[in-house]
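Heads up, the thing below is written out as C-alpha cells.
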Amino acid sequence: MGLRFEKAVTRFRSQQAEIPQEVMICTQHELRSGPTSGAVRVRYPPSPTGAQHIGNVRTAILNWLFAKKMGGRFIVRLEDTDRDPSRYRADVIPDILSNLRYLGIEPDEDWEKGGPAGPYIQSERLYLYQNAARELIESGKAYRCYCTPERIAALRAEQQQRGEPTGYDRHCRYLSDSELEKLKAQPFVVRLAVPLEGQTLYHDEVHGDISVENSALDDQVLLKSNGWPTYHLANVVDDHSMGITHVIRGEDWLPSTPKHVLLYQAFGWETPKWTHAPLILGTDHKKLSKRHGDTEFAEYIRKGYLPEALMNFLALLGWSSGEDRELYSVEELIDRFSLEGITPHPAIFDANKLIWMNGEYIRKSSPETIIELSIPYLRKSGLIKTEEDVELAKRVIPLVTDRMKTLDEVVSLTDFFFGDMPKYDPKAVEKWLNSSDSKTILAKILPRLKGIAEEPFTVHLIEAAVRGGIDEMGIPSPQVIHPLRVALTGRMVGPGLFETMAAMGKAKVLSRLKAIIAKEH
RNA sequence: GGCGCCAUCGUUCAGCGGAUAGGACAACGGGUUUUCAUCCCGUAAACCGGGGUUCGAUUCCCCGUGGCGCUACCA
C-alpha cells in the first residue's frame with residue numbers, strides 16, 4: 001500500500017515537466033452537443049497500457065454487434081490519458097485496430113480514418129477536458145484540491161488503521177477565500193463536489209435500476225495535477241461530445257457509474273443508456289489471468305484461431321440469443337443481437353470450448369482456405385523450404401484438416417511428410433517394426449509399389465498394390481498396414497495410409513521403405 | 001472493512017409462475033474405420049440454504065451463505 005503511494009508521488013512530480021506548453025493553455029472551445037438524433041452511436045475506448053486483452057475485444061464485439069444491429073455507428077477512441085512511463089505503451093496502438101480488422105470489424109470512426117466527432121485520441125482533446133473542469137469549478141460543482149499526495153497517503157493510512165472506509169476527507173472543498181489565495185500558486189487537482197446527501201439512481205440495461213447513497217461516493221479526481229484528465233472526466237466529456245447514445249462496457253465500471261451520472265448532471269447533459277456486460281473469469285471463477293492461459297488477444301491470432309471462431313466464441317461470452325445453439329455466423333449474430341441477451345452473471349472463459357469451436361470452423365472452411373492459412377505456419381517452422389515443399393504442403397494439408405483444432409497444429413500433424421526421413425517414435429518402432437516378420441512384409445510390398453508408375457501415383461493404384469500383397473501373404477491387413485505406416489511416417493497415427501502415400505509421392509515412399517528395410521538387415 | 005453485482009448438470013448457455021428442467025463442451029459407452037481424428041448413436045449429470053408471496057415456485061420478494069468487482073492524480 002505504501003509502495004503504491006510512493007509511486008504515485010514520484011509520478012506526480014515527474015510529470016510536471018512533461019506537459020506540452022499548448023496543453024496548459026485552455027483555448028475557448030464550444031463543447032459539442034450530446035445525443036441528439038435517434039441514430040445509435042457506440043464506442044470502444046481502448047487504453048494503450050499493454051497488449052489488447054481478450055476481454056476488451058469482447059467488449060468491442062458487443063458494441064460493434066449492437067451498432068450493426070441498430071444501423072448505428074461504431075466509434076473507436078484512444079484513451080491515452082495515463083502517461084505514466086511504466087504503463088504507457090505507444091507500440092501497442094497500431095495493433096488495436098488491426099486486431100479488430102482481423103475479426104472483420106471496421107470502425108466507422110477512429111483515429112486513423114477520422115470522422116465528424118474527432119479527434120479520436122484523448123491526448124489531442126485536452127482543452128476540452130480543461131474547459132469542462134473549469135466550467136464545473138465556476139458552477140461550484142467541482143473544486144481545486146491542493147492536498148499533497150503525501151497528505152492523502154497519510155490520511156488513508158489513518159483511515160485504514162481505524163478501520164474506516166478510505167477516501168478523501170474533502171479538506172479543500174471548504175477552504176476559505178483567504179486560504180485559497182495563499183495556495184493559488186500551488187499544484188492542484190480538480191475534484192468533483194459530490195452531493196453530501198441523497199442518492200444517485202440510474203438504470204442499467206442488464207442489471208435494472210441501481211441506486212447508491214451519495215454519502216458513499218468519494219470526491220473523485222477529475223483533472224490531475226499535470227493538467228490531464230482522469231478516465232471519469234474524459235470519458236464523460238467525450239461520450240457527450242461524440243454523441244454516444246449507449247455505453248456498453250465491462251461490469252468493473254458498474255461501481256463508478258454513479259460518479260459518471262453525477263458528472264452528466266453537473267454539466268446538465270443527458271446520460272447515455274448504460275449497459276454493463278459481465279466480467280470474464282477463468283474456469284476456476286477467478287479473474288481471467290495468465291494462469292488460465294493466454295489473455296492477450298493477438299496470441300489467439302498467432303496460434304491460428306479463425307476470425308469466425310473468435311467472433312462467435314467471444315460474442316457468446318456473456319451474451320445469448322436464447323436459443324439452444326452455439327454456432328453462429330457473423331450475420332446471424334448481428335441479426336439476433338440485443339442488449340437484453342447480455343447475461344447478468346459472470347462469463348467463464350472456457351478455452352476447451354473455443355478450441356472445439358475453432359475445429360468446427362476449420363472443418364467448415366474450404367480446403368483452399370485452410371491451405372492458404374496453414375502454409376505460413378509450415379514456412380515459419382522451417383518445414384517448407386522450396387517450391388516443391390509448397391506443392392507437397394498443398395497435397396498434405398487437406399489430409400489433416402479433420403484433425404486440426406488450431407492452425408498451428410498443422411506443423412506437428414504434417415512434419416513427417418517433409419525432408420528425407422521422418423523422426424521415428426521409439427514406441428511405434430518397437431511395436432510394428434522390430435520383428436523380422438515386419439521387414440519381410442515390407443520387402444514383399446516394396447516391389448509391388450515399384451511397379452506403379454511414377455505418375456500418376458494414386459490412392460487407388462497404391463491400395464490395389466498393397467492389397468495384392470496382403471492377399472498374397474494371407475495375413476490380416478492391419479499387420480501390413482501398421483508396419484508400413486510406421487516405416488513411412490515414423491508414427492502410429494496419422495491420415496489414411498494410402499492417402500498418405502499418394503501425397504508423399506512414389507520417390508519418397510520407396511526411398512523411406514528401402515532405408516528401413518536396409519537398416520533392419 | 002465499506003459499497004455494488006451475481007448464484008441452474010463437472011463447465012457453460014437456455015428457461016423469464018404450471019415442462020419428463022433443454023442445448024453445447026468435457027466425461028463415459030457403442031457404431032463406422034488400416035491407426036488417430038472426423039462423423040453417427042447413446043449414458044450419466046443441476047435448480048446454494050432458510051423464510052415468505054401464490055392454488056402453485058428453478059422462476060417474484062427478504063435474509064443468510066458463497067463468488068466476483070470497485071474502493072488511485074490507472075483505465
Side-chain angles (χ1 to χ4, degrees), chain A residues 4-5 7-9 11-12 15 45-49 56 79-82 84 87-88 145 147 149 152 156 159-160 162-167 187-191 204 206-207 210-213 215-218 220-226 228-232 234-235 250-258 276 278-279 281 283 285-287 316-327 343-350 352-357 359 363 400-405 413 428 432 463 466 470 476-482 484-486 489 491-498:
Chain A
R4 177 188 279 182
F5 267 91
K7 226 174 100 185
V9 171
R11 188 191 324 146
F12 171 83
Q15 283 188 341
S47 188
T49 50
N56 289 127
E79 308 228 326
D80 60 344
T81 55
D82 182 4
D84 186 317
R87 286 189 296 261
Y88 180 73
C145 168
C147 291
I152 303 288
R156 163 188 284 264
Q159 288 166 333
Q160 276 177 337
R162 289 198 298 258
E164 290 171 6
T166 56
F188 62 86
V189 300
V190 176
R191 287 181 184 272
D204 182 273
V206 353
H207 297 285
I210 295 174
S211 67
V212 177
E213 294 296 329
S215 57
L217 264 25
D218 212 4
Q220 190 63 50
V221 171
L222 265 21
L223 212 59
K224 308 174 201 176
S225 57
N226 63 7
W228 291 66
T230 60
Y231 170 86
H232 305 288
N235 119 84
E251 204 183 292
D252 41 350
W253 289 113
L254 202 57
S256 47
T257 304
H276 289 90
L279 256 20
L281 309 178
T283 41
H285 288 213
K286 301 290 180 200
K287 194 173 175 180
L316 258 35
L317 225 44
W319 174 81
S320 166
S321 73
E323 300 163 285
D324 281 341
R325 219 237 279 203
E326 22 274 307
L327 262 23
T343 62
H345 51 257
I348 277 74
F349 189 93
D350 185 356
N352 263 335
K353 199 148 181 170
L354 204 210
I355 290 170
W356 163 77
M357 193 175 278
R363 269 169 262 126
V400 298
T401 304
D402 277 354
R403 272 151 263 255
M404 283 166 59
K405 303 280 195 199
L413 253 15
W432 294 109
E463 177 157 13
V466 175
I470 291 170
S477 56
Q479 286 195 29
V480 175
I481 284 171
H482 293 312
L484 257 180
R485 180 194 308 284
V486 175
T489 70
R491 54 177 82 175
M492 288 190 277
V493 302
L497 178 65
F498 307 124

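By convention in this document, chain letters (A, B, ...) are assigned in the order of the sequence lines, proteins followed by strands, and residues within each chain are numbered from 1.
Here, C70(B) and C28(B) have their P atoms 38 Å apart, quoted to the whole Å. The P atoms of G64(B) and G29(B) are separated by 46 Å, rounded to the nearest whole Å.
Nucleotide A14(B) forms a pair with no other nucleotide shown, judged by Watson-Crick or G-U wobble geometry with both contacts under 3.5 Å. Both distances falling under 3.5 Å, in either a Watson-Crick or a G-U wobble arrangement, place A27(B) opposite U43(B). Partner assigned to G49(B) is C63(B), using Watson-Crick or G-U wobble distances below 3.5 angstrom. Pairing for U20(B) is absent, with no Watson-Crick or G-U wobble pair whose two atom distances lie under 3.5 Å. Across all strands shown, A72(B) forms no Watson-Crick or G-U wobble pair with both distances under 3.5 Å.
Checked by atom type, the side-chain pair Glu323(A)/Ser321(A) shows a donor-acceptor distance below 3.5 Å.
Look at Lys405(A) and you'll find a side-chain N or O under 4.0 angstrom from OP1 or OP2 of U38(B). Residue His207(A) has no polar side-chain atom (N or O) positioned under 4.0 Å from OP1 or OP2 of G4(B). Taking only side-chain nitrogens and oxygens, Arg363(A) comes nearer than 4.0 Å to OP1 or OP2 of C39(B). Under 4.0 angstrom from either OP1 or OP2 of C74(B) there lies at least one side-chain N or O belonging to Lys224(A).
A straight line from CZ of Arg491(A) to C1' of U34(B) spans 17 Å, rounded to a whole angstrom. Following rounding to the nearest Å, Arg87(A) (CZ) and C73(B) (P) show an atom-to-atom distance of 11 Å. Atoms CG (Asp204(A)) and P (G4(B)) sit 15 Å apart, rounded to a whole Å. Atom C1' of nucleotide A75(B) and atom CG of Asn56(A) are separated by 9 Å, given to the nearest angstrom. Atoms NE2 (His345(A)) and P (U11(B)) sit 13 Å apart, rounded to a whole Å. Rounded to whole Å, atom P of A37(B) lies 18 Å from atom CH2 of Trp356(A). Going from atom CE of Met404(A) over to atom P of U38(B) covers 14 Å, rounded to whole Å. The NZ-P distance, from Lys353(A) to G23(B), rounds to 13 Å in whole Å.
Heavy atoms of Pro495(A) sit under 4.0 angstrom from at least one base atom. Residue-level contact check: Thr401(A) touches neither bases nor backbone, having no heavy atom under 4.0 Å from any strand. If you check every strand for non-hydrogen atoms under 4.0 Å, Pro476(A) touches nothing. The residue Gly494(A) sits close to a base: some heavy atom pair falls under 4.0 Å. Note on Gly359(A): nothing from the nucleic acid sits closer than 4.0 angstrom, heavy atoms only.
Minimum atom distance to the side chain of Val221(A) is reached by C73(B), of the listed C25(B), C73(B), U34(B). Minimum atom distance to the side chain of Thr81(A) is reached by A75(B), of the listed A75(B), A14(B), C73(B). For Ser47(A), whose side chain is taken as the heavy atoms from C-beta onward, the closest listed nucleotide among C13(B), A75(B), U35(B) is A75(B). Of the candidate nucleotides A7(B), A14(B), G2(B), G2(B) has the atom nearest to the side chain of Pro165(A). Of the candidates A75(B), C73(B), G23(B), G23(B) carries the atom nearest the Glu326(A) side chain, counting heavy atoms from C-beta on. Looking at the side chain of Pro344(A), the nearest of the listed nucleotides C6(B), A14(B), U34(B) is C6(B). For Leu254(A), the side-chain atoms get nearest to G4(B) when compared with the rest of A75(B), G4(B), U11(B). The side chain of Thr230(A) sits closest to A75(B) out of A75(B), A14(B), U34(B). The nucleotide whose nearest atom lies closest to any side-chain atom of Ala347(A) is, among C74(B), C13(B), C6(B), C13(B). Distance from the side chain of Val212(A) is smallest for C3(B) among the nucleotides C3(B), C13(B), C74(B).
For the pair Arg485(A) (side chain) and Pro495(A) (backbone), a donor-acceptor distance under 3.5 Å is present. Judged purely by atom type and a 3.5 angstrom limit, Thr166(A) has no side-chain atom pairing as donor or acceptor with the backbone of Gln159(A). Judged purely by atom type and a 3.5 angstrom limit, Asp204(A) uses its side chain to pair as donor or acceptor with the backbone of Val206(A).
Between Pro258(A) and Leu217(A) there is a side-chain heavy-atom pair separated by less than 4.5 Å.
Between Asp82(A) atom CG and Tyr231(A) atom OH the span is 13.5 Å, to the nearest 0.5 Å.
Nearest-nucleotide assignment on RNA chain B puts the 5′-proximal partner with Gly163(A), out of Gly163(A) and Asp402(A).
Relative orientation of the His232(A) and Trp253(A) rings is perpendicular, given thresholds of 30° and 60° on the angle between their planes.
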With 3.5 Å as the limit, what N/O pairs link the protein to nucleotides 60-71 of chain B?
residue: C68(B); atom: OP1; partner: Lys286(A); partner atom: NZ; Å: 2.2

